[in-house]
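Working notes, beginning with the structure itself.
Ligands are counted one by one from 1 in listed order, and the atoms in each one are counted from 1 as well.
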Amino acid sequence: MPEVRTVATHCPYCALQCGTRLTRERRGVSVRPTDFPVNRGGLCQKGWTAPALLDVADRLRHPLLRRDGELVPVSWETALDTIAARLHAIRAESGPDAVGVFGGGGLTNEKAYLLGKFARLALGTSQIDYNGRFCMSSAAAAGTAAFGLDRGLPFPVTDLGGADVVLLAGANPAETMPPLMQHLRSPDLIVIDPRRTATAEQAALHLQPLPGTDLALALGLVHIAVTDGFSDTAFIRERTQDFDAAWQRAMSWWPERVERVTGVPVSEQRRAVRMLAEAGSAYVLTGRGAEQHSKGADTVAGFINLALALGLPGRAGAGYGCLTGQGNGQGGREHGQKADQLPGYRMITDQAAREHVAEVWGVLPEVLPGPGRSAYELLDALGTSDGPRALLVFGSNPAVSAPRAEHVVSRLTSLDLLVVADFVPSETVELADVVLPVTQWAEEEGTMTNLEGRVLRRRRLQVPPGHARSDLEVLHGLATRLGEPGHRYPTTAREVFDELRRASAGGKADYSGISYQRLDAGEALHWPCPDGEHPGTPRLFLDGFAHADGRARFAAVEHRDAGDVPAEEFPLTATTGRVLAQYQSGAQTRRVAELNDAAPEVFVEVHPDTAARAGLAEGALARVSSSRGSTIAAVRLVPTMRTDTVFLPFHFPGDGRANLLTGDALDPRSRMPEFKVSAVRIEPHREVAP
Ligand SMILES: Nc1nc2c(c(=O)[nH]1)N[C@H]1C(S)=C(S)[C@@H](COP(=O)(O)OP(=O)(O)OC[C@H]3O[C@@H](n4cnc5c(=O)[nH]c(N)nc54)[C@H](O)[C@@H]3O)O[C@H]1N2
Ligand SMILES: Nc1nc2c(c(=O)[nH]1)N[C@H]1C(S)=C(S)[C@@H](COP(=O)(O)OP(=O)(O)OC[C@H]3O[C@@H](n4cnc5c(=O)[nH]c(N)nc54)[C@H](O)[C@@H]3O)O[C@H]1N2
Ligand code: SF4
Ligand SMILES: [Mo]
């Protein structure tokens, strides 16, 4: 496909998927924001500097193979033949589940779909999951249980602009999705965050709970809503179920008890409920701060209970939503790269789903494996007696971003074969036996589904450097070497999308009416879109929720401790999150000079009193330790912090990894790790003499 001079496309990073126009100038690629609804001419610093990603100095240009401990350039033939031969041997010896696949929420819909198909058919393995398990899986579990369907925002982002009040529980969009803030300008904001973030600074009300106590807070807000007479009894009666069971739990969370557990004053709890209840139009939104806990699904359910008690969901101008994070965090969870799932948001244990997908794939349903391990459990099992011996990674950098990172690195290095497809030499690439250089956003075609469920076109501007190939071509090359017919793995995104449409038809996330033709003609299409004449569904649930009886479900949830509770040796709570200039594991943004200059190294935010007690001054190097390990970080004194809490961003490598602290507590329903709570101590870092 030829190069073009200019294309309309979207930012390579987060789930807002801001609209951009790329142009090739003599001095390189330039980017401009477009008047796309989510960003309306705005971009954040990452979006403005995105073209620099296309030619970072150490861009991967050749396949690499580890020989005598060193990664050396080889041809594609050699790389793919070597992988296929080793996979053959491992499978012959140890069976198909001895090979695992780890995907990502940054992959296009087409890649995510083909990766899931490749795992189930070419490898025949059940062992596939992806980094979205680390992201919004708790909200997905709670949303599915409550509404019968999981679409992050069941309404367009622009609806938020018409609200009177928006409650943000554990989200910091002023840093994580800056252009979203223009839609939050008119409403009064309520922010629930242990830190006084840039978002909290703009709020009318900031509730500052101890990390890991949001569920108690949500139960308390429901308690106040009911006892102060703010609940919408007609809505509860006509459009929901199970209120009584939920109320049984919330009943005992009177405001003073909630204050004791969370630290949020009673007056502020009451004010939050009053603001939401008296608004004509109000939304409750959750982010990772509420979700990344070993009780994340129940915590989100607690906030959904609050929204339901106030009668917000299921009508225009109000509702509940989750702010999905990764570029294709929404589409990435719909097309079958999840351990328990087939395309169209179908469940792999559902016989009808298996029959439908098997027919589209031209195989018998018995051929499809069953459900596999969740992301952390998969990483934890690598190289163990009953775990995978080989892993293929597409679109993730778990050596930095997975919980209990040092343990995960030891699992990755115990493998017989680690294959990583990426376009930069990430910390996980550095551990690989074979590295496959792939194309990135402006070098490929495809679709992404943004946080409001709108399907968008990613368009190609130019050819990739060196010998980089698209992930689709890589999967084709591997599958055919594993004995699969080539036609099962199309190499153009459009062909894959047309197959995805058929595979998703009749599923919850039904894309069958969405085509490249309609998208390229400029139609705004939100799934479900079940036929070519269907206008798509920007607003869900207006006529009923997705359960068979059309009613939403309250959840009978109860507060409980985090997996790690501060005690003598580790008296503080460490929580983790993001800064504006770095993205995720930092594999991409640490290579963009302007971004890395803005946030060059890991730091730990500490209250001045807490720091003084530990003998730490501004800028000093601190050792932050949990029972799992230690992170070395520069101290930032922040007077608005809670004295019992510290914060570290997770974007940095080496001994600056925040995930050296995090543990293996998982949510029992979503299998989400507890990124937001680790019991730690903090002390001056002393270099140990060698
Ligand atoms: N700049 C930037 N933007 C990004 C990303 C990035 O890496 N960098 N990543 C993208 C992705 S994948 C995601 S998932 C989103 C995430 O977007 P957000 O959810 O906004 O990001 P986080 O910083 O992880 O968490 C939000 C807030 O939760 C707070 N928090 C910590 N513990 C708790 C708690 O127990 N309760 C409550 N209520 N709050 C708590 C933190 O202090 C933090 O301010 O951002 C997307 N956008
Ligand atoms: N402590 C702590 N840890 C966290 C979090 C937290 O809040 N605190 N947040 C978690 C969350 S929400 C997330 S989403 C994860 C994210 O963590 P990761 O999964 O590590 O995310 P990225 O850093 O985006 O890694 C993506 C990698 O894939 C590459 N890549 C990008 N696009 C493509 C593609 O199309 N194909 C291929 N083959 N490669 C591609 C990139 O160059 C990069 O190396 O981190 C989680 N870890
Ligand atoms: S908010 Fe997200 S999509 Fe928009 S420019 Fe920034 S990183 Fe890109
Ligand atoms: Mo995420």
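- Closest heavy-atom approach to atom 44 (O) of ligand 2 among the candidates Asp422, Leu660, Thr576, Asn397: Asp422.
- When only non-hydrogen protein atoms are considered, atom 14 (S) of ligand 1 lies nearest to Arg288 NH1, 3.0 Å.
- Residue contacts with ligand 1 for Asp214 involve side-chain atoms from C-beta outward but no N, CA, C or O (heavy atoms, distance under 4.0 Å).
- Within the structure, the closest approach of Val579 to ligand 1 falls below 4.0 Å when heavy atoms are considered.
- Nearest protein heavy-atom contact of atom 35 (O) of ligand 1 is Gly212 N, 2.9 Å.
- Ring geometry, Phe647 versus Phe603: the interplanar angle falls from 30° to 60°, so the pair is classed tilted.
- Aromatic pair Phe303/Tyr320: ring centres not closer than 6.0 Å.
- Shortest contact from atom 1 (S) of ligand 3 to any protein heavy atom: Pro179 CD, 3.4 Å.
- The closest donor-acceptor contact from the side chain of Thr262 to the backbone of Val258 lies under 3.5 Å.
- Between Tyr376 and His407, the ring-plane angle classifies as tilted under the 30° and 60° cut-offs.
- Contacts between Thr176 and ligand 1 below 4.0 angstrom, taking non-hydrogen atoms only, involve backbone and side chain alike.
- When the heavy-atom distances from atom 26 (C) of ligand 1 to Gly170, Gly577, Gly287 are ranked, the shortest goes to Gly170.
- Closest to atom 2 (C) of ligand 2, if we only count protein heavy atoms, is Phe675 CD2, 3.3 Å.
- For Glu201, the CD atom sits in a packed shell: over 12 heavy atoms of surrounding residues, nucleotides or ligands are nearer than 6.0 Å.
- Side-chain contact check for Leu595 versus Tyr583: every heavy-atom pair is 4.5 Å or farther apart.
- Using a 4.0 Å cut-off between a side-chain N of Lys or Arg and a carboxylate O of Asp or Glu, Glu444 and Arg458 qualify as a salt bridge.
- Exactly one of Arg196, Arg195, Arg636 qualifies for a salt bridge (charged side-chain N to carboxylate O under 4.0 Å, His left out) with Glu605. That residue is Arg195.
- With respect to atom 20 (O) of ligand 1, the closest heavy atom belonging to the protein is Asn172 N, 2.8 Å.
- Taking atom 30 (N) of ligand 2 as the reference point, the nearest protein heavy-atom neighbour is Phe423 CE2, 3.7 Å.
- With a 4.0 Å cut-off on non-hydrogen atoms, Pro211 touches ligand 1 through its backbone as well as its side chain.
- Not a single donor-acceptor pair under 3.5 Å links the side chain of His335 to the backbone N or O of Ala112.
- Residue contacts with ligand 2: Val438 is included, with a non-hydrogen atom under 4.0 Å away.
- At the top of the distance list for atom 36 (N) of ligand 2, counting protein heavy atoms only, stands Asp471 OD2, 3.0 Å.
- Using a 4.0 Å cut-off between heavy atoms, Lys46 contacts ligand 1 through its side chain alone, with no backbone atom that close.
- Counting the atoms of ligand 1 from 1 in the order shown, those under 4.0 Å from a heavy atom of Thr197 are 44 (O).
- Of the protein's non-hydrogen atoms, Thr575 OG1, 2.9 Å is the one closest to atom 32 (N) of ligand 1.
- For Asn397 (side chain) and Thr428 (main-chain N/O), a donor-acceptor pair under 3.5 Å exists by modelled atom type.
- For atom 7 (S) of ligand 3, the choice among Trp48, Tyr583, Tyr13 with the nearest heavy atom turns out to be Tyr13.
- Remark: the Ser401 side chain and the Ser585 side chain contain no N/O donor-acceptor pair separated by less than 3.5 Å.
- Here the protein heavy atom with the shortest distance to atom 46 (C) of ligand 1 is Gly325 O, 3.7 Å.
- In this structure, atom 4 (Fe) of ligand 3 lies nearest to the protein heavy atom Cys18 SG, 2.3 Å.
- Here the heavy atom of the protein found nearest to atom 23 (O) of ligand 2 is Ser585 OG, 2.5 Å.
- Look at Lys295 and Asp667 and you find no salt bridge, because none of the NZ, NE, NH1 or NH2 atoms lies under 4.0 Å from a carboxylate O.
- Closest heavy-atom approach to atom 40 (C) of ligand 1 within the set Ala599, Ala169, Ala174, Pro194: this belongs to Pro194.
- Nearest to atom 11 (C) of ligand 2 by heavy atom, out of Arg578, Gln326, Arg590, is Arg578.
- Annotation for ligand 3: atoms under 4.0 Å from non-hydrogen atoms of Gly47 are 5 (S).
- The closest approach between any non-hydrogen atom of Glu291 and ligand 1 is not below 4.0 Å.
- One finds a salt bridge joining Arg628 and Asp564 here, because a Lys/Arg side-chain nitrogen approaches an Asp/Glu carboxylate oxygen to under 4.0 Å.
- A salt bridge does not link Asp35 to Arg40: none of the charged nitrogens lies less than 4.0 Å from a carboxylate oxygen.
- Arg578 and Glu175 are not joined by a salt bridge, as no carboxylate oxygen comes within less than 4.0 angstrom of a charged side-chain nitrogen.
- The nearest N, O or S atom of Cys14 is closer to atom 2 (Fe) of ligand 3 than 2.8 Å.
- Taking distance alone, with nitrogen or oxygen atoms compared against 3.5 Å, Arg195 approaches ligand 1 more closely than that limit.
- Every heavy atom of Met136 sits 4.0 Å or more from the atoms of ligand 2.
- Taking the centre of each ring, His293 and Phe675 stay at or above the 6.0 Å mark.
- For the pair Lys676 and ligand 2, a heavy-atom separation below 4.0 Å is found.
- At the top of the distance list for atom 8 (N) of ligand 1, counting protein heavy atoms only, stands Gln582 O, 2.7 Å.
- The Leu43 neighbourhood of ligand 3 comprises atoms 5 (S), with distances under 4.0 Å to a heavy atom of that residue.
- If you check each of Gly296, Ala171, Gly289 against atom 34 (C) of ligand 1, the one with the closest non-hydrogen atom is Gly289.
- At under 3.5 Å, a nitrogen or oxygen of Ile192, whether backbone or side chain, sits near a nitrogen or oxygen of ligand 1.
- In this structure, Glu443 does not pair ionically with Arg460, as no charged nitrogen and carboxylate oxygen lie closer than 4.0 Å.
- The nearest heavy-atom contact from the protein to atom 6 (Fe) of ligand 3 is Cys44 SG, 2.3 Å.
- Among the atoms of Cys11, an N, O or S atom falls under 2.8 Å of atom 8 (Fe) of ligand 3.
- Residue, atom and distance of the protein heavy atom nearest to atom 1 (N) of ligand 2 are Asn659 OD1, 2.9 Å.
- Proximity of a side-chain donor or acceptor of Gln208 to a complementary backbone N or O of Val264 within less than 3.5 Å is not detected.
- Where the criterion is an N or O separation shorter than 3.5 Å, residue side chain and backbone included, Cys135 fails it with respect to ligand 1.
- Distance from atom 27 (C) of ligand 1 to its nearest protein heavy atom, with residue and atom name: Asp193 OD2, 3.2 Å.
- Heavy-atom proximity to Gln17, at under 4.0 Å, picks out these atoms of ligand 3: 3 (S).
- Partner of Leu168 under the side-chain contact (heavy atoms from CB on, under 4.5 Å) criterion, out of Asp193, Ile192, Thr199: Thr199 alone.
- Remark: ligand 1 and Gln584 share an N or O pair separated by less than 3.5 Å (distance only, no angle test).
- Checked by distance only, ligand 1 and Leu580 come closer than 3.5 Å through their nitrogen or oxygen atoms.
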